[in-house]
There are 2 protein chains.
Amino acid sequence: MTTVTIKDVAREAGVSVASVSRALNGTGGVTAETEKRIRDVATRLRYIPHGAARSLITRRTHTIGALLPDMYGEFFSELIRGIDLAARARGLHLLVSSAHDGVEDAAAALRTMRGRVDGMIILSPRADASFLHTNLPESLPTVLLNSPLRGPRYPVLNIDNHGGAYAMVRHLAVECGYRDIALVAGPHDNYDAQQREEGYRAAMAAFVPDAASRIVRGEFTEESGYRAGCEMMASGKLPRAVFAANDMMAIGCLLALREAGVRVPEEVAVTGFDDIPIARYVTPALTTVQVRIVDLGRSALERLAALLDAPDQATPPEADTLGCHVVVRDSCGARSPGKTSTKKAR
Amino acid sequence: MTTVTIKDVAREAGVSVASVSRALNGTGGVTAETEKRIRDVATRLRYIPHGAARSLITRRTHTIGALLPDMYGEFFSELIRGIDLAARARGLHLLVSSAHDGVEDAAAALRTMRGRVDGMIILSPRADASFLHTNLPESLPTVLLNSPLRGPRYPVLNIDNHGGAYAMVRHLAVECGYRDIALVAGPHDNYDAQQREEGYRAAMAAFVPDAASRIVRGEFTEESGYRAGCEMMASGKLPRAVFAANDMMAIGCLLALREAGVRVPEEVAVTGFDDIPIARYVTPALTTVQVRIVDLGRSALERLAALLDAPDQATPPEADTLGCHVVVRDSCGARSPGKTSTKKAR
DNA sequence: GGGTGGAACGTAAACGTTTTCATCGAAGCT
DNA sequence: AGCTTCGATGAAAACGTTTACGTTCCACCC
């Protein structure tokens with residue numbers, strides 16, 4: 001009696017449960033008169049349908065699951081935001097699970113999704129082919145984010161890490177005219193980091209073929225960026241430009257240089273990757289590669305929704321990549337440090 | 001055949017579904033031998049229990065729902081992060097719904113939670129008493145965040161807006177010695193904004209009783225902070241210190257002053273509220289009121305979990321408030337602009 | 001006026017689990 | 001040997017819905 005079910009409504013309204021279901025769902029088959037009566041009773045009793053029961057028979061949950069490695073930082077909040085935005089536009093709900101304590105954890109999280117979601121969006125370094133095979137219910141529509149996996153099994157959406165890094169190096173080399181461009185790379189085992197590094201190499205080979213490339217490794221943290229900056233200064237020979245594989249490292253590097261009295265961008269240019277919100281507020285404002293993470297989330301969900309609507313549509317086997325472009329601010333020296341334009345806060 | 005159910009496992013293993021359930025759940029009542037056989041079959045068939053079906057009978061979903069007004073900005077991502085952190089520590093999952101397109105929307109979101117969650121965390125300006133009464137299943141454990149609501153019905157967790165604002169003004173008045181302190185307030189209909197404003201007034205009355213208080217209204221956006229800065233300069237008489245009711249407005253104000261060539265903090269001190277990540281990276285680094293949003297989310301979930309474990313425990317009728325404290329950086333002029341300490345990126 | 005058709009409504013099966021209860025057999029005891 | 005006890009197992013109910021299928025009833029048509 002504590003919670004009111006469809007039976008209570010039926011009894012109170014003097015009809016069968018079937019009629020209540022029909023009336024409340026707007027399926028035909030009930031007089032306008034009885035429908036009204038049922039509706040009245042339902043609101044009076046404050047009846048709320050039981051989601052689990054409904055989706056058990058309907059085989060629809062109107063919920064999509066998101067498996068993410070971690071909730072941290074701008075990236076993931078932006079991503080979730082994008083997914084959620086698109087989801088609610090479609091009347092879908094979001095079951096998030098940030099499982100990052102290893103494969104066990106991720107597997108468990110994935111399994112509990114069974115029967116609670118209509119589809120999955122997965123962004124996880126651990127999600128290799130065999131992992132997915134054993135833990136993902138055979139027929140659950142899924143789209144992968146930022147995954148090295150290819151193939152017709154699941155659609156994949158990637159950030160154009162390679163292209164973004166390439167474009168940034170081109171900017172530094174061609175438009176700014178620098179030759180001695182160093183990379184503060186990300187961790188070796190990180191897929192994004194690998195691709196960005198490759199983009200750097202390719203662009204260096206293309207635009208300043210006779211200049212040596214110079215790479216110091218970081219870990220995508222501000223601290224590691226700071227250390228990288230110190231390291232380069234200690235080496236006695238500063239590069240003319242530093243391209244950090246993400247913004248946090250760029251900022252760390254910026255701080256290290258500032259502390260040492262090195263002027264940015266006059267002596268050394270510094271650029272990053274990601275365009276996190278902080279980027280435009282540091283001084284000098286950071287030139288970086290903008291990747292519209294919100295859009296990544298959004299298109300992931302759109303793609304998934306398409307899969308849900310047309311289950312056996314042949315999915316384009318090619319992986320989609322989300323373009324990104326460099327946004328020029330002050331830290332690269334390509335423009336005179338102008339006034340920071342005031343933008344409407346988002 | 002497309003999805004494998006418990007029946008398939010039972011048939012394949014030559015036992016009843018009951019035994020499969022017992023074996024897989026580790027309830028007693030099966031020989032070690034048959035348990036192993038069942039387990040083997042289950043993994044071979046890649047059986048994954050159906051969540052909805054299970055929770056239909058168990059009346060447990062191991063999921064908690066979060067109703068938030070919007071996913072935007074640092075605040076909400078931090079909040080979710082806090083909730084999620086505590087949730088996964090308890091083996092709970094998270095069903096988020098950011099419903100901000102009005103009451104209709106929020107109501108719909110809340111109703112679809114029925115049967116999918118064991119409890120709710122609600123942070124919504126729209127969630128007044130009657131709204132909750134009509135849309136919240138009678139017996140669903142719920143904790144409210146940052147709500148003006150009081151009473152024994154639901155536990156409430158609040159940020160100590162009043163105390164934080166009070167402390168900041170005290171800092172400006174007592175420790176920095178300023179008397180002419182202006183407030184850039186938040187929107188009138190915002191609960192946080194109201195409390196912060198009240199804290200400002202109270203502190204002004206307490207510490208600089210003979211100084212006039214000065215309030216210009218903003219909307220919690222960077223742009224409105226920028227405008228507030230311009231407005232104050234246009235008035236011809238700049239205050240000695242500006243306390244903005246949130247960081248984004250403080251930053252906007254900072255920019256306006258900087259553009260006009262006003263030196264911060266030498267001529268005008270500027271402080272904010274929230275301690276968003278950006279705050280420590282602007283120059284001068286922003287003195288602000290730190291509120292541990294992650295902790296807010298965490299304790300909300302802890303509280304909810306306690307409710308779940310002991311449903312009829314008398315909930316402390318007093319609303320809990322989460323303390324906050326001022327963190328002194330450069331923008332208030334209380335200390336000599338030091339080196340920005342490099343922190344480990346979170 | 002006796003069919004015919006269709007709309008309104010009820011009955012019951014189904015969804016995939018867990019759990020109570022009954023059954024069965026073996027082991028232990030006198 | 002006859003009884004009890006207990007552990008392993010299966011049968012079936014239950015959870016709260018939706019929906020296929022009947023049934024009833026009324027209007028309509030010849």
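Labels below follow one simple rule: chain letters A, B, ... track the order of the sequence lines, proteins then strands, and each chain is numbered from 1.
Here C/dG10 is the nucleotide among C/dT18, C/dG10, C/dC15 with the atom lying nearest to any side-chain atom of A/A18. Checking D/dT17, C/dG10, D/dA12 against every side-chain atom of B/V17, the shortest atom distance belongs to D/dA12. Checking C/dT18, C/dT17, D/dT17 against the side-chain heavy atoms of A/H50 singles out D/dT17 as nearest. Comparing atom distances between the B/T5 side chain and each of C/dG16, C/dT20, C/dG10 picks out C/dG16 as nearest.
For B/D8 and C/dC15, the CG to C1' distance is 13 Å, given to the nearest whole Å. Atoms CZ (A/R22) and C1' (C/dG10) sit 8 Å apart, rounded to a whole Å. Rounded to an integer number of Å, the gap from A/E33 CD to C/dA7 C1' is 14 Å. Between the CZ atom of B/R116 and the P atom of D/dG16 there is a distance of 16 Å, given to the nearest Å. Here the C1' atom of nucleotide D/dT18 and the CG atom of A/L56 are 10 Å apart, to the nearest Å. A straight line from NE2 of B/H62 to P of C/dT18 spans 11 Å, rounded to a whole angstrom. One interatomic measurement links the two molecules: CD of B/E35 to C1' of D/dG7, which rounds to 15 Å at whole-angstrom precision. Rounded to an integer number of Å, the gap from B/R11 CZ to C/dT17 C1' is 16 Å.
In this structure, B/R59 reaches the sugar-phosphate backbone alone: every heavy-atom distance under 4.0 Å involves primed, P, OP1 or OP2 atoms, never a base. A/L24 comes within 4.0 angstrom of nothing in the nucleic acid, heavy atoms only. Counting any heavy atom pair closer than 4.0 Å across all strands shown, A/I38 reaches no nucleic acid atom. When heavy atoms are screened at a 4.0 angstrom cut-off, A/T34 is found touching the sugar-phosphate backbone but no base atom.
Judged by distance alone, the side chains of A/R46 and B/H133 do bring a donor and an acceptor atom under 3.5 Å apart. No hydrogens or angles considered: a donor-acceptor pair under 3.5 Å links the side chains of B/D118 and B/T61.
One finds a side-chain N or O of B/T31 lying less than 4.0 angstrom from the OP1 or OP2 phosphate oxygen of D/dT9. Remark: B/R54 is in phosphate contact with C/dT18, judged by side-chain N or O atoms under 4.0 Å from OP1 or OP2. OP1 or OP2 of C/dT17 has not a single side-chain nitrogen or oxygen of B/S21 nearer than 4.0 Å. At the phosphate of D/dG10, OP1 or OP2 sits under 4.0 Å from a side-chain N or O atom of B/S19.
With the nearest nucleotide of DNA chain D identified for both B/I57 and B/R37, B/R37 has the one nearer the 5' end. Comparing B/G14 and A/A52 along DNA chain D, the residue whose closest nucleotide (by nearest heavy atom) sits nearer the 5' end is B/G14. Each of B/I6 and A/G28 has a nearest nucleotide on DNA chain C; the 5'-most of these lies closest to A/G28.
In summary, B/R22 and B/E35 do not engage in a salt bridge, as defined by a charged side-chain N under 4.0 Å from a carboxylate O. A salt bridge links B/D8 and B/R11; the closest N-O separation between the charged side-chain nitrogens and carboxylate oxygens is under 4.0 Å. B/D84 has no carboxylate O lying under 4.0 Å from a charged side-chain N of B/R81, or vice versa, which leaves the two without a salt bridge.
Closest approach of A/L95 to A/V117, counting heavy atoms only: CD2-CG1, 3.9 Å.
One cannot find a donor-acceptor pair under 3.5 Å joining the base of D/dG16 and the side-chain atoms of B/R114.
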